[in-house]
Participant: 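Before we start, here is the structure in question, set down as structure tokens.
Note that the coordinates shown come from a computational prediction; the quantities given were computed from them, not determined experimentally. Because only heavy atoms are used, hydrogens play no part in the values below, and waters and symmetry mates are left out as well, while side chains stay in.
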Amino acid sequence: QVQLVESGGGLVQAGGSLRLSCAASGRTASTYAMAWFRQAPGKEREFVAGITWTGTNTNYADSVKGRFTISRDNAKNTVYLQMNSLKPEDTAVYYCAADRRWDVVAGTPRYWGQGTQATVSS
């Protein structure tokens, strides 16, 4: 069992930055692949970025490549999403997710957080 708690959302102007954090708890949380998803109003939830449990491999949605960076600190059981050059279309609720399998975490991960709102004004 893994519990996930996101933080760091807020309101920022276009071109600005936010850093989201996801604290994971559970005996083996640091061995899970992790991902960030987002859901904008009226849209389906979409994959944003993923990272293996070692941090060796990452992948990103095309819409955020070059602007967002996912990272993790296994000593703190925390995953981060650094979001730079934010655009109004990045406005969404951002969810942290976890799964033991790297080939699953970008699709249907088993564990989800409650989400944190990020709003980008134009």
Participant: Under the rule for side chain to side chain contact (heavy atoms under 4.5 Å, CB included), what residues qualify as partners of Gln117, not counting sequence neighbours?
Facilitator: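 Side chain to side chain contact (heavy atoms under 4.5 Å, CB included) check on Gln117 returns Thr91, Val93, Thr119.
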Participant: Indicate yes or no for a side-chain donor-acceptor contact from Thr116 to the backbone of Gly9 under 3.5 Å, with no hydrogens or angles considered.
Facilitator: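 Checked: pair present.
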Participant: Determine whether the aromatic ring centres of Tyr95 and Phe37 lie less than 6.0 Å apart.
Facilitator: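 Distance test on ring centres: not under 6.0 Å, no.
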Participant: When you check the gap from the basic side-chain N to the acidic O, do Asp99 and Arg101 get nearer than 4.0 Å?
Facilitator: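 Looking at Asp99 and Arg101, the cut-off is not met.
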Participant: Any pair with a residue in residues 30-95 that passes disulfide (SG to SG under 2.5 Å), sequence neighbours left out, goes on the list, sorted by first then second residue, please.
Facilitator: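 For residues 30-95, and leaving out neighbouring residues, there are no disulfide (SG to SG under 2.5 Å) pairs at all.
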Participant: Looking at Thr78 and Ala23, what are the two nearest heavy atoms and their distance?
Facilitator: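 Smallest heavy-atom distance, with atoms named: OG1-CA, 4.2 Å.
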Participant: To the nearest 0.5 Å, how far apart are OG in Ser17 and CZ in Arg19?
Facilitator: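 Between Ser17 OG and Arg19 CZ, I get 11.5 Å after rounding to 0.5 Å.
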Participant: Over all heavy atoms of both residues, which pair between Ser122 and Ala14 is shortest? Give the atoms and the distance, please.
Facilitator: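 In this case the closest contact between Ser122 and Ala14 is CA-CB, 4.4 Å.
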Participant: Tell me every residue that passes side chain to side chain contact (heavy atoms under 4.5 Å, CB included) with Thr56, counting only those two or more places apart in sequence or in another chain.
Facilitator: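 Once residues adjacent in sequence are excluded, the partners of Thr56 under the side chain to side chain contact (heavy atoms under 4.5 Å, CB included) criterion are Thr52, Thr54.
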Participant: Do any pairs count as a salt bridge (charged side-chain N to carboxylate O under 4.0 Å, His left out) and have a residue in residues 69-81, sequence neighbours left out, and if so which ones?
Facilitator: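 Sorted result for residues 69-81: empty, none.
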Participant: Pairs in or reaching into residues 39-53: which pass salt bridge (charged side-chain N to carboxylate O under 4.0 Å, His left out), with residues at least two apart or in two chains?
Facilitator: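 Listed once each, the pairs are Arg38-Glu46.
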Participant: Filter on salt bridge (charged side-chain N to carboxylate O under 4.0 Å, His left out), then keep only pairs touching residues 49-62, sequence neighbours left out; what's left?
Facilitator: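 Found Asp62-Lys65.
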Participant: Any disulfide (SG to SG under 2.5 Å) pairs touching residues 64-94, not counting sequence neighbours?
Facilitator: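 Listed by first then second residue: nothing to list.
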Participant: Using the test side chain to side chain contact (heavy atoms under 4.5 Å, CB included), find all partners of Val5 that sit at least two apart in sequence or belong to another chain.
Facilitator: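 Here no residue qualifies.
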Participant: Check salt bridge (Lys or Arg N to Asp or Glu O under 4.0 Å) between Arg110 and all other residues, then give those that pass, not counting sequence neighbours.
Facilitator: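 Checked Arg110 against salt bridge (Lys or Arg N to Asp or Glu O under 4.0 Å); zero matches.
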Participant: With rounding to the nearest 0.5 angstrom, report the CD to OG distance, Gln3 to Ser25.
Facilitator: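 Rounded to the nearest 0.5 Å, the CD-OG separation comes to 4.0 Å.
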Participant: Tell me who clusters with Tyr111, hydrophobic residues only, linked when side chains sit under 4.5 Å apart either directly or through other members.
Facilitator: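 Taking Ile, Leu, Val, Met, Phe, Trp and Tyr as members, Tyr111 shares its hydrophobic cluster with Val2, Leu4, Val12, Leu18, Leu20, Tyr32, Met34, Trp36, Val48, Ile51, Tyr60, Val64, Phe68, Ile70, Val79, Leu81, Met83, Leu86, Tyr94, Val120.
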Participant: Please list all pairs meeting disulfide (SG to SG under 2.5 Å) that have one or both residues in residues 24-122, counting only residues at least two apart or in different chains.
Facilitator: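 For residues 24-122: Cys22-Cys96.
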Participant: Can you name the closest pair of heavy atoms from Asn84 and Gln82 and give their distance?
Facilitator: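 Closest heavy-atom pair between Asn84 and Gln82: OD1-NE2, 2.9 Å.
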Participant: Please enumerate all residues that pass side chain to side chain contact (heavy atoms under 4.5 Å, CB included) together with Ser121, with sequence neighbours excluded.
Facilitator: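 Ser121 satisfies side chain to side chain contact (heavy atoms under 4.5 Å, CB included) with Leu11, Gln13 only.
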